[in-house]
2 protein chains.
Amino acid sequence: MTTLSPAAAADRTGVSIDTLRYYEREGLIGPIGRSAGGRRVYTEEDVFWIGLVTCFREAGLGIADLREFVAILRSDHSPQDRVVFLRSRRAALEERVAALHRAIGVLDEKIAYYG
Amino acid sequence: MTTLSPAAAADRTGVSIDTLRYYEREGLIGPIGRSAGGRRVYTEEDVFWIGLVTCFREAGLGIADLREFVAILRSDHSPQDRVVFLRSRRAALEERVAALHRAIGVLDEKIAYYG
DNA sequence: CTCGGATCTGGAGCGCGCTCCAGGTCAAGT
DNA sequence: ACTTGACCTGGAGCGCGCTCCAGATCCGAG
């Protein structure tokens, strides 16, 4: 199984080493395995999960939101509970999309005015 | 012409008095007129402009972005320059929409998995 | 005229999400 | 063995966007 050093993981994910440690402290990823000497060893699975976290961060979710997300997915909640949670998160993201479209609409008005 | 006290303006716009002052300091709105005694007097036009700023804030634009936006719209730039700027802002917002859709897609996968 | 609530200013404080630093450890090359 | 560089931990620092506070001023109600 291929594993990655902290530097390699940072390179692969586009997330800085400091931020990877921060995410781990906050419970968003990991816990990450360690080598005999105590260095972090990232698996492909870790990298995948970091990708998910990054995706949500880019979408504007906060650290607390993601912590909750991780907690729900890893807990022993029923599939129904998970779906309820996931749908509520989805609705929140749709509302952000709507806010963006409102702003884009304003820009389009201005562009039409000057264009 | 109807004008509004700070409290009324805050009530109408949903923006706190402190934040209205902050936006004014930062050059996002105003300058707001003053009464004989030095209190702020908000016009309907001010309220409209605050609405625009709020719209962009809700869409995730930062204070610096909005300051630039205001500066461009108020300056004597040519219509072409304004349109170029507005289009670049529009593209940035579209990218945010794309990021949100990626995240929504991830949620949909999870929902499909559990649902 | 007095009282109390709204507002003023300048500046401090705060939560978030990193980012950086000091001081020490581990590991590979020479 | 020695050097060098990546990595470790705990904690400080920072930029953003407010939010709150102290102390002073204004102004409408009684």
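It should be emphasised that the depicted structure is a prediction, and the values quoted were computed from it without experimental measurement. Reminder, nothing fancy here: chain letters follow the sequence lines and each chain counts from 1.
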Taking all heavy atoms of Leu28(A) and all of Leu66(A), pick out the closest pair and write down the distance. CG-CB, 3.9 Å
Length of the line joining Asp11(A):CG and dA6(D):C1', which is rounded to integer Å: 14 Å
Could you state the atom-to-atom distance from CD of Glu26(B) to P of dG10(C) in whole Å? 14 Å
Hey, does the side chain of Ser5(B) come within less than 4.0 Å of dT7(C)'s phosphate (OP1/OP2), counting only N and O? yes
Closest approach of Ser75(B) and Ile72(B), non-hydrogen atoms and distance? OG-O, 3.0 Å
Close side-chain approach of Ile50(A) and Tyr23(A), heavy atoms under 4.5 Å: no
Indicate the atoms forming the closest heavy-atom contact of Ala10(B) with Ile17(B), along with that distance. CB-CG1, 3.7 Å
What is the distance from CD of Glu24(A) to C1' of dT9(D), rounded to the nearest Å? 12 Å
Find the distance Tyr42(A):OH to dA6(D):P and express it as a whole number of Å. 16 Å
Check nucleotides 28-30 of chain C for protein N or O atoms closer than 3.5 Å to its own N or O atoms and list the pairs.
none

Picking from Leu93(B), Leu86(B), Leu52(B), what satisfies side-chain contact (heavy atoms from CB on, under 4.5 Å) with Val106(A)? Leu52(B)
What is the distance, to the nearest angstrom, from the CD1 atom on Ile32(A) to the C1' atom on dT9(D)? 17 Å
Arg82(A) side-chain N/O to His77(A) backbone N/O, donor-acceptor pair under 3.5 Å: yes
Show the numbers, then the answer: is there a side chain to side chain contact (heavy atoms under 4.5 Å, CB included) between Tyr114(A) and Leu73(B)? CA-CA 10 Å; Tyr114(A) 291 119; Leu73(B) 289 195; 3.9 Å; yes
Arg96(A)/Glu58(A) salt bridge by N-O under 4.0 Å criterion: no
Between dC7(D) and Arg40(A), is there an OP1 or OP2 to side-chain N/O distance shorter than 4.0 Å? no
Heavy atoms under 4.0 Å is the rule here; annotate nucleotides 15-26 of chain D 5' to 3' with B where the base is hit, S where only the sugar-phosphate is, and - elsewhere. --BBSB----BB
